[in-house]
There are 2 protein chains.
Amino acid sequence: MPRPPTTQQFVLDELRRAILSRQLAPNQPIRQDSVAHELGVSRVPLREALKTLEAEGQVVYRPHRGYTVAELSLADLLEVYRLRELLETEAALVSATKAGEADSAAVRAELRAVVEAAANDDLVEMIAANRRFHFAILEPADMPWLMRMVRTLWDTTDAYRAVYYNAPDNRSRVLEEHEAIVRAFEARDGAELAELLRRHREHAVAALRATLDETANG
Amino acid sequence: MPRPPTTQQFVLDELRRAILSRQLAPNQPIRQDSVAHELGVSRVPLREALKTLEAEGQVVYRPHRGYTVAELSLADLLEVYRLRELLETEAALVSATKAGEADSAAVRAELRAVVEAAANDDLVEMIAANRRFHFAILEPADMPWLMRMVRTLWDTTDAYRAVYYNAPDNRSRVLEEHEAIVRAFEARDGAELAELLRRHREHAVAALRATLDETANG
DNA sequence: CAACTGTATATTGGATCCAACCTTACGCCG
DNA sequence: CGGCGTAAGGTTGGATCCAATATACAGTTG
């Protein structure tokens with residue numbers, strides 16, 4: 001696997017991983033010197049990467065006090081899912097009216113990737129493929145600004161996705177739902193597609209709530 | 001007027017101004033050395049400011065080739081306004097159910113600021129106050145993630161706002177519409193509020209189209 | 001004993017310097 | 001004469017160094 005073209009991109013990827021895996025815990029101050037040392041780079045590219053993470057809401061910045069990993073309250077998470085609903089519903093409706101055969105092929109390819117990853121019990125790849133699958137569905141809408149926003153919304157909840165996929169019940173449910181979603185997509189039935197996606201997310205939110213309540217009471 | 005606490009914040013403000021005023025024209029490469037020199041700072045804070053602008057979509061970045069001011073096509077602008085519609089409608093509906101007396105007072109204060117600026121023919125302040133007015137309406141919804149997104153959407157179209165307000169017809173129309181909007185807000189009539197805001201934006205889009213067609217044919 | 005102040009230290013903010021890369025112009029070869 | 005390889009210059013990417021600010025702690029005073 002080739003290292004990204006620029007160091008800041010490499011650092012950005014690493015930081016995303018670290019935040020996602022809770023290696024950098026919420027509310028924890030990010031000591032630039034130690035993190036930079038750890039990654040074998042200087043502080044400059046690190047700071048640039050932190051700036052983009054700040055814009056995405058992954059970290060919070062306070063002048064002269066540095067960066068801390070953003071803490072997401074339940075209210076934050078619910079809001080993020082609500083926004084995903086607004087934006088992805090719009091994208092799905094538009095996409096259904098514009099998608100062509102090539103788009104269907106792309107979606108099907110990602111669907112297969114998810115199934116295959118599930119068969120191999122490869123959680124990481126399954127999560128990645130799932131993301132590509134959902135984005136492939138929205139892509140034909142040809143709304144780059146919307147896509148950028150949806151992307152950052154997915155990023156902010158990425159840390160919780162692994163928990164969700166850890167349960168076999170959820171995994172199989174996702175696979176079933178994907179089938180129905182693809183059928184709606186290929187039928188160019190925007191309303192049905194949007195509704196299926198909505199229910200798809202609804203399950204994720206319910207699971208999320210359960211997880212958070214559990215950790216709160218445990 | 002005190003200079004911002006950090007240099008990067010200062011640079012960020014200056015860059016926003018420069019892009020807005022077309023001092024930095026779309027598609028123009030941003031020579032870091034000259035811009036930094038111009039502002040009397042080094043390249044480091046400039047690059048950090050550019051990173052946040054990149055995340056907001058105001059500039060485009062290509063590794064080893066630097067930053068260029070983002071060019072907004074008509075399709076981009078229409079998409080941005082469509083997204084504003086989705087997000088601001090949601091915020092307005094929620095806001096109407098949550099707003100209290102203090103919120104009404106805040107909105108009224110901003111309304112007065114807009115009127116006053118208009119009376120003084122102070123375009124810059126009128127635009128600023130108008131923005132505060134609209135945000136004051138959405139604020140009670142208490143949706144920080146949504147607000148962040150709406151903020152960047154406003155930023156991307158800021159350059160065109162000055163053109164719109166330049167026409168006296170548009171200015172007086174805005175003032176009238178604001179009155180109706182405030183009444184709906186104080187009546188906590190979310191549906192009416194959202195509809196009025198929608199029509200409010202619709203005029204702006206129409207004017208925008210006209211302007212762009214004109215420049216395209218001129 | 002609490003609160004305040006001054007100082008020392010750790011950490012971030014910014015400037016300068018060097019390396020890597022892209023771009024362009026020129027000369028060579030087909 | 002046109003296309004390609006190559007070298008030189010310019011611009012960005014990254015590292016190191018220094019300055020400014022915040023934090024923690026100790027000493028002092030009411």
Side-chain angles (χ1 to χ4, degrees), chain A residues 1-19 22-71 148, chain B residues 1-19 22-71 148:
Chain A
M1 191 153 134
R3 181 164 156 160
T6 66
T7 303
Q8 48 180 277
Q9 188 59 48
F10 163 72
V11 171
L12 188 55
D13 295 344
E14 289 298 308
L15 284 179
R16 284 224 168 85
R17 263 201 340 91
I19 293 174
R22 294 284 201 273
Q23 216 170 330
L24 290 174
N27 284 327
Q28 177 181 338
I30 298 177
R31 301 271 172 252
Q32 299 177 6
D33 232 334
S34 71
V35 173
H37 218 81
E38 204 124 341
L39 297 177
V41 301
S42 91
R43 279 173 52 218
V44 174
L46 171 62
R47 274 162 59 180
E48 301 206 2
L50 285 170
K51 266 277 169 279
T52 69
L53 287 179
E54 184 206 356
E56 291 177 1
Q58 302 257 60
V59 301
V60 302
Y61 169 68
R62 295 166 69 190
H64 297 290
R65 266 179 264 186
Y67 298 84
T68 59
V69 178
E71 159 88 81
R148 176 203 299 265
Chain B
M1 190 154 138
R3 181 165 155 160
T6 65
T7 304
Q8 48 179 278
Q9 188 59 49
F10 163 73
V11 171
L12 188 54
D13 295 344
E14 288 299 307
L15 284 179
R16 284 225 168 85
R17 264 201 340 90
I19 293 175
R22 294 283 201 272
Q23 214 170 329
L24 290 174
N27 284 327
Q28 177 182 338
I30 298 177
R31 300 270 172 253
Q32 300 178 5
D33 231 333
S34 71
V35 172
H37 220 80
E38 204 125 339
L39 296 177
V41 301
S42 92
R43 278 174 52 217
V44 174
L46 170 62
R47 273 163 60 181
E48 301 206 2
L50 286 170
K51 267 279 170 276
T52 63
L53 288 178
E54 184 206 357
E56 292 176 2
Q58 302 257 59
V59 300
V60 179
Y61 170 68
R62 295 166 70 190
H64 296 288
R65 267 178 262 185
Y67 298 83
T68 58
V69 178
E71 159 90 80
R148 176 204 298 265

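Letters A, B, ... mirror the listed sequences (proteins, then strands); counts begin at 1. As the structure is a prediction and not an experimental result, all values here were calculated from the model.
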Practice problem: Using a 4.0 Å heavy-atom cut-off across all strands, classify B:Gln8 as base, sugar-phosphate, or nothing. | Solution: sugar-phosphate
Quiz item: Which pairs with one or both residues in residues 43-65 of chain B pass ring-ring contact (aromatic ring centres under 6.0 Å, His included), sequence neighbours excluded?
Solution: B:Tyr61-B:Tyr67
Quiz item: What pairs with B:Gln9 under side chain to side chain contact (heavy atoms under 4.5 Å, CB included), at least two apart in sequence or on another chain?
Solution: B:Pro4, B:Thr6, B:Leu12, B:Asp13
Practice problem: Using the side chain to side chain donor-acceptor pair (under 3.5 Å) rule, collect all pairs that involve residues 24-34 of chain B, keeping only residues at least two apart or in two chains. | Solution: B:Asn27-B:Glu71, B:Gln32-B:Arg43
Quiz item: Are the charged groups of A:Arg17 and A:Glu14 less than 4.0 angstrom apart, N to O?
Solution: yes
Quiz item: Checking all strands, does A:Ile30 fall into the base, sugar-phosphate, or nothing category for heavy-atom contacts under 4.0 angstrom?
Solution: sugar-phosphate
Practice problem: Starting at atom NE2 of A:His37, determine the distance to atom C1' of C:dT11, rounded to an integer number of angstrom. | Solution: 16 Å
Exercise. Identify the 5'-most and 3'-most nucleotides of DNA chain D with at least one atom closer than 4.0 Å to a non-hydrogen atom of chain A.
Key: D:dG14 to D:dT23
Exercise. Hey, could you give me the OG1/CD distance between A:Thr7 and A:Glu48, rounded to the nearest 0.5 Å?
Key: 10.5 Å
Self-check item: Qualifying residue for side-chain hydrogen bond (donor to acceptor under 3.5 Å, both in side chains) with A:Glu56, from A:Arg16, A:Lys51, A:Arg148
Solution: A:Arg16
Quiz prompt | Closest heavy-atom pair and its distance - A:Ala70, A:Pro26 | solution = O-CB, 4.0 Å
Please list each protein N or O that sits under 3.5 Å from an N or O in nucleotides 7-10 of chain C, with the distance.
none

Exercise. Report the C-alpha distance between B:Leu15 and B:Val35 in whole Å, list the side-chain angles of each, state the deciding distance to 0.1 Å, and finish with yes or no for side-chain contact (heavy atoms from CB on, under 4.5 Å).
Key: CA-CA 9 Å; B:Leu15 284 179; B:Val35 172; 4.3 Å; yes
Quiz prompt | Pairwise side-chain contact, A:Glu54 with A:Leu50, heavy-atom cut-off 4.5 Å (strictly under) | solution = no
Self-check item: Positions of residues 51-67 of chain B (non-hydrogen atom under 4.0 Å from DNA chain C), listed by number
Solution: B:His64, B:Arg65
Exercise. To the nearest 0.5 angstrom, please state how far the CD atom of B:Glu38 sits from the CG atom of B:Leu46.
Key: 11.0 Å
